[in-house]
> 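Have a look at this one before I ask anything.
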Amino acid sequence: MSYFFIENIMDHYKNPRNMKEIKDANSVFGDSNPTCGDTVKIFLKVNEGKIDDIGFQGHGCALSMASSSLLTEMAKGSELQEALKITENDLMKELGITELGPNRIKCIALPVKTLKMAIIQYLSKANHAGGGT
Ligand code: FES
């Protein structure tokens with residue numbers, strides 16, 4: 001485990017970016033890691049197919065919370081289709097992690113999966129309303 005990785009994780013864990021509820025969010029989705037019970041909820045404010053604002057709330061290990069924080073930074077300002085493409089590997093690269101065991105990958109997968117579901121939920125609502133993205 002590299003020093004850069006530990007510093008980066010602890011920075012995001014202690015000073016989480018975008019840890020907030022968005023009252024007028026267009027989509028809110030929460031999920032949990034069934035193996036440990038850690039939770040992440042993501043709030044999206046979408047405008048013309050772009051993530052204008054994003055927030056998260058959650059409770060969990062340093063890796064899941066730091067990943068959530070970093071993920072919101074990566075997704076903010078992105079087109080929805082671009083944000084959908086963010087993977088666990090992208091987060092690992094940004095955090096300076098070269099490899100993780102399967103149990104720890106789940107910590108990073110939780111926010112990635114939750115963001116995807118929040119976007120899919122938004123797109124599905126927009127399509128049903130006939131409004132597109
Ligand atoms: Fe639960 Fe990391 S130990 S998400």
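Start at 1 and go down the list; that is how both ligands and their atoms are numbered. These values consider heavy atoms only, across backbone and side chains, with no hydrogens, waters or symmetry-generated copies.
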> So S69 and F56, do their side chains get closer than 4.5 Å, heavy atoms only?
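Yes, side chains in contact.
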> Only pairs at least two apart or in different chains count here, so list each side chain to side chain donor-acceptor pair (under 3.5 Å) that has a residue in residues 99-113.
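Qualifying pairs, neighbours excluded: D31-K113.
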> Quick check for you: within a radius under 2.8 Å, how many protein N, O or S atoms neighbour atom 1 (Fe) of ligand 1?
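Near atom 1 (Fe) of ligand 1, the number of protein N, O or S atoms below 2.8 Å is 2.
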> Quick check: do F43 and E21 have side-chain heavy atoms less than 4.5 Å from each other?
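Heavy-atom side-chain distance check passes, below 4.5 Å.
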> Looking only at non-hydrogen atoms, find the nearest pair between L91 and V112 and report the distance.
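Smallest heavy-atom distance, with atoms named: CD1-CG2, 3.4 Å.
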> For a salt bridge (charged side-chain N to carboxylate O under 4.0 Å, His left out) check, start with the C-alpha distance between E79 and K50, then their side-chain angles and the critical distance, and finish with the verdict.
CA-CA 4 Å; E79 302 282 339; K50 235 175 157 179; 5.0 Å; no
> Any carboxylate oxygen within less than 4.0 angstrom of a Lys/Arg side-chain nitrogen, looking at K20 and D53?
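Yes.
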